[in-house]
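A quick note: this is a predicted structure, and the numbers were derived from the prediction, not measured. Every number for a ligand or one of its atoms is a count from 1 in the order of the listing. Hydrogens, waters and symmetry mates are skipped; everything else that's a heavy atom, side chains included, is used.
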Amino acid sequence: MRNQELAKIFNDMARFLRMDGVAFKPYAYERAAISLELLNEDVGDVYVKGGIRALMEIPGVGKAISDHIEEYLKTGKVKQYEKFKKQLPIDLDELVRVEGMGAKKARTLYQKLGVKNLKDLEKAANAHEISPLFGFGEKTEKNILQGLEFLKRDKGRFLLHEILPTARSVVEKLKFLKEVDQISIAGSTRRRKETIGDVDILVVSKSPTKVMDFFVKLPGVEKVWAKGGTKASIRMREGFDMDLRIVQKRSYGSALQYFTGSKDHNIATRRIAIEKGLKLSEYGVFAGKKQIAGVTEENVYKAIGLPWIEPELRENEGEIDAALRGKLPKLFDVKDIKGDLHCHSDWDGGEDSIEQMAKTAMDLGYEYIGISDHTKFLKIEHGLDEKQLLKQHEAIKKINEKLEKQGKKFKVLHGCEANIMADGSVDIKDEVLEKLDYVIAGVHSILKMEKKEMMARIEKAMKNPNIDILAHPTGRIVGQRDEYQVDFDKILKLAKETGTILEINSSSRLDLRDLYIRRAKNEGVKMIINTDAHKKEQLDYMEYGVSQARRGWAEKGDIINTLPIEDLLKYFKK
Ligand code: DGT
Ligand code: CA
Ligand code: CA
């Protein structure tokens, strides 16, 4: 699709313009880029159908940008972009993915050291050519090396939310085939890991060839790596691979158990089988030559003396032992979630109005939504100041009155996402915070602090009687950024002392991570799963936070937004 290519060009142009200190234009280009990525139709088709006028109807596309689009469609190029590239022939898109590398830094490194891409950057950093440069220093050089390391570590892996919708739609399409008797997603996707290497799908069918033929010809298949009698492997347009395996009906359960993994979980279950004088493989559970289980996963586990274990727990992190002792956690489901308290509206530059967000939340079956827009320190996010928050408070009051009149049993709560400043104070006055239903606070600036300083900062915020929820408590972003220097034991201790709720943020942060959720649960610290949605569609991210909580062994009682509103409110400090 040309939409993607144009979006990349516009994002790059925004970066070039920002480097030149142009004030508003970069936003316009970024907006257009987002719009193009979201557009369901190829922008070329839009143009063919309605010309430049139709282009200008795309949200965020004005006259100047529609001219660029037209030029690109006609010539394959955007002249202004080519001009930028000539001045600065570097792979900006690649370079800025390194955490801590902005466009300006990239330009300086090109001008001083000729750095054009990641490879050059790594060479320069390893040779300590960066630290002596004006405005860089040893700390920056170290950060760049860490950022590069991070990119490498996750190379070739995709975020679960980038993959799951496609994997599901492939399964849905395969289900339509009458030749498909049974089908399931397996592998790390079924275990809902944060990142996925490849998608594994299992099928039971009496006509494997038909299923294989259909699979390799699905729309969006870019390359067929292999296609045999019972296994095919494809590369999707989005860049990830999918494996399809056809198995026998009598082995479906054991194959599902095997290919769901994890490998370490499998090794452990096989050992248990051996101890019982049995053999467990992808083909079944065998006593000598006789198959005693394999049709369903339940009977596979049962045959080796275990209850069925939820896929999210299968990491050999104590689940086998817990299963043997009848102590597996009772996991909950996205259906148990009653509301979402970290949601942004168009008041802070989000995409949708409070009412639209509320309507979507109602459609999801929620009982409440909390609007928590950014506050004033975050200028790029159009953060609200005290006056705007008070105005918003009145607006939400009116919306609730309207809902009540309509007889809806749904409530909009008013919060905010305040910034924890370097000294641990927040950027909104207490007398305004006191008026809100709840307050979320998070660290959004000066992330590279020494642990002691960072913890003093967070401690002060958690002790603030107006702060109810600590947003994305460790600052990590999957595949992009490690957590900042925190002492998680201390955070847990403070959460207990102060009654501050820890957030499980469902966006690509996935913060808290699973292991931390498990520790919080063990300490009796309460958590809340929030999406951090900046538009209504992102309210769907809830399921990723729920998966994360499940991977962290959390139960309903650990998560306060499984509660009805009256009980939820009791967990806030005032
Ligand atoms: P991924 O794709 O890297 O995100 O992770 P998985 O877990 O999906 O791994 P994958 O696709 O290589 O294999 C799917 C499952 O097959 C894996 O979870 C467990 C099973 N499996 C693969 N190789 C082995 C192995 O050498 N030994 C055992 N016991 N199981 C294996
Ligand atoms: Ca896999
Ligand atoms: Ca695989």
- Message: With a cutoff of 4.0 Å, is Val199 in contact with ligand 1, counting heavy atoms of the residue only?
- Response: no
- Item | Angle in degrees, rounded to 10°, that OD1 of Asp200 and OD1 of Asp198 form at the Ca ion (ligand 3) | 100°
- Task: Tell me whether Asp243 has at least one N, O or S atom under 3.0 Å from the Ca ion (ligand 2).
- Result: no
- Which protein non-hydrogen atom lies closest to atom 14 (C) of ligand 1, naming both residue and atom, and how far is it? Phe259 O, 3.6 Å
- Could you tell me the residue and atom name of the protein heavy atom closest to atom 8 (O) of ligand 1, and the distance to it rounded to 0.1 Å? Ser188 N, 2.8 Å
- Task: Return the residue, atom name and 0.1 Å-rounded distance of the protein heavy atom closest to atom 23 (N) of ligand 1.
- Result: Tyr258 OH, 4.2 Å
- Query: Measuring to protein heavy atoms, does anything land under 4.0 Å from atom 12 (O) of ligand 1?
  - Reply: no
- Message: Using 0.5 Å steps for rounding, measure from the CH2 atom of Trp308 to the CD atom of Glu310.
- Response: 4.0 Å
- Starting from atom 3 (O) of ligand 1, find the nearest protein heavy-atom neighbour and note its residue, name and distance. Arg157 NH1, 3.0 Å
- Query: Considering only the protein, which heavy-atom contact is closest to atom 2 (O) of ligand 1, and what is its distance?
  - Reply: Asp198 OD1, 3.0 Å
- Message: Taking 4.0 Å as the limit for heavy-atom contacts, which would you say applies to Asp200 with ligand 1: side chain only, backbone only, both, or neither?
- Response: side chain
- Of the listed options Lys263, Glu194, Gln257, closest to atom 27 (N) of ligand 1 (non-hydrogen atoms): Lys263
